[in-house]
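Written below as structure tokens is the structure these notes are about.
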Amino acid sequence: MSALLVRELRLAVRAGGGAPVGVVFFLAVVTVVPFGVGPDLNLLARIGPAILWLGALLATLLGLDRLFQADLDDGSLDLIHLGPVPLELAVAVKALAHWIATGLPLVVAAPLLGLFVNLPASGIGAVTLTLLVGTPALTFLGTIGAALTVALRRGGLLLSILILPLAIPVLIFGVAAANAAIAGPMPFLPPFLLLCAMTLFSIVLGTVASAWALRFGLE
């Protein structure tokens with residue numbers, strides 16, 4: 001499994017996408033929104049967590065349509081399917097590698113982008129922590145759409161349509177936890193624990209549903 005993880009990370013780097021494209025897109029979303037909101041810094045700070053979470057969600061969707069596409073094109077997906085490793089574990093490793101290459105850089109960039117939306121120090125820490133916990137859920141849910149659209153050319157739009165409804169609860173509790181840490185009156189811990197539970201559930205659901213969809217598509 002470690003060999004597969006290293007292979008996926010190398011492919012992500014060679015592809016030239018991943019971290020740079022995702023972070024640039026994240027930066028573009030976060031910097032454009034304040035121009036539409038205007039010079040009201042209090043309003044900007046109030047909606048800052050939502051801006052950062054929406055940017056992270058949209059950036060996470062980038063490249064997900066290619067998660068299994070390259071393996072299908074070069075036959076690697078058949079070898080993974082017929083190999084000794086259960087397909088569910090292989091899907092989990094590929095999703096983990098995708099998150100390391102695209103999701104983790106967004107978490108690293110979040111503190112800097114938090115300054116752009118006038119977040120206080122406590123808010124920056126809370127948003128970064130919720131993104132660290134929540135972005136794996138977005139990636140593993142995205143694997144379901146990637147598996148369902150693997151045989152379709154230009155399936156990125158369909159993938160987004162399939163995944164966005166599933167990602168809304170993660171978005172809601174991620175923003176709620178960050179807002180609770182900034183302004184209250186709700187305590188931070190309950191929505192944060194629910195976000196953690198959603199991530200664990202998404203990891204299980206994403207790997208099982210994606211493996212089932214890939215088996216169905218290959219047979």
Side-chain angles (χ1 to χ4, degrees), residues 18-64 95-142 160 163-206:
V21 175
V23 171
V24 169
F25 185 81
F26 191 25
L27 175 65
V29 172
V30 174
T31 53
V32 165
V33 171
F35 287 103
V37 172
D40 190 342
L41 294 180
N42 291 329
L43 174 61
L44 196 59
R46 194 160 60 248
I47 65 175
I51 296 172
L52 290 172
W53 260 94
L54 280 173
L57 170 60
L58 297 176
T60 300
L61 294 177
L62 291 177
L64 269 175
L96 176 62
H98 184 82
W99 178 77
I100 293 174
T102 62
L104 190 56
L106 303 180
V107 178
V108 174
L112 175 61
L113 299 184
L115 297 175
F116 291 0
V117 292
N118 196 36
L119 285 182
S122 61
I124 292 175
V127 171
T128 304
L129 181 60
T130 56
L131 287 175
L132 178 64
V133 172
T135 48
L138 302 178
T139 298
F140 277 85
L141 290 174
S160 300
I163 297 306
L164 281 178
L166 299 176
I168 287 176
V170 179
L171 180 69
I172 290 174
F173 284 99
V175 175
N179 282 331
I182 297 173
M186 179 189 299
F188 170 77
L189 202 54
F192 180 71
L193 291 179
L194 282 172
L195 181 64
C196 295
M198 285 182 182
T199 298
L200 295 176
F201 177 73
S202 300
I203 291 173
V204 176
L205 176 65

Next on the checklist: Can you tell me how far apart CG (Leu113) and CD1 (Ile51) are? Round to the nearest 0.5 Å.
Outcome noted: 11.0 Å

Checklist entry - In Å and rounded to the nearest 0.5 Å, what is the CZ to OG1 distance from Phe140 to Thr135? => result 10.5 Å

Checklist outcome for this item: In this structure, CG of Leu166 is separated from CG of Leu171 (nearest 0.5 Å) by 13.0 Å

Item to check | Closest heavy-atom pair and its distance - Leu141, Val170 | outcome: CD1-CG2, 4.3 Å

Item to check | Closest approach of Ala95 to Thr139 (non-hydrogen atoms, all atoms of both residues) | outcome: O-CG2, 3.5 Å

Item to check | Closest approach of Cys196 to Val133 (non-hydrogen atoms, all atoms of both residues) | outcome: SG-CG1, 3.7 Å

Checklist outcome for this item: The reported gap from CG in Leu189 to CG in Leu194 (rounded to nearest 0.5 angstrom) is 9.5 Å

Item to check | With sequence neighbours excluded, residues passing side-chain contact (heavy atoms from CB on, under 4.5 Å) with Leu58 | outcome: Phe25

Checklist entry - Between Leu52 and Leu119, does a side-chain contact (heavy atoms from CB on, under 4.5 Å) hold up when you go through it step by step? => result CA-CA 11 Å; Leu52 290 172; Leu119 285 182; 3.6 Å; yes

Item to check | Reported CD1-to-CG distance for the pair Ile47 and Asn179, which is rounded to 0.5 angstrom | outcome: 10.5 Å

Checklist entry - Is there side-chain contact between Trp53 and Leu138, with at least one heavy-atom pair below 4.5 Å? => result yes

Item to check | Minimum side-chain heavy-atom gap Phe116-Leu27 below 4.5 Å | outcome: yes

Checklist outcome for this item: Nearest heavy-atom approach of Ala110 to Thr128 is CB-OG1, 4.0 Å

Item to check | Contact summary for Val29 and Gly55, nearest pair of heavy atoms | outcome: CG1-CA, 3.8 Å

Checklist entry - Does the side chain of Trp99 come under 3.5 Å of the side chain of Thr60 through a donor N or O and an acceptor N or O? => result no

Checklist entry - Of all heavy-atom pairs between Pro136 and Thr199, which one has the smallest distance, and what is that distance? => result CB-CG2, 4.1 Å

Checklist entry - Taking the side chain as C-beta and beyond, is there a heavy-atom pair between Leu62 and Thr102 under 4.5 Å? => result no

Next on the checklist: Show, in sequence, the C-alpha distance, side-chain angles and deciding distance for Thr130 and Phe188, and conclude whether the side-chain contact (heavy atoms from CB on, under 4.5 Å) test is met.
Outcome noted: CA-CA 10 Å; Thr130 56; Phe188 170 77; 4.2 Å; yes

Next on the checklist: Once rounded to the nearest 0.5 Å, what's the spacing between atom CG of Leu57 and atom CG of Leu164?
Outcome noted: 5.5 Å

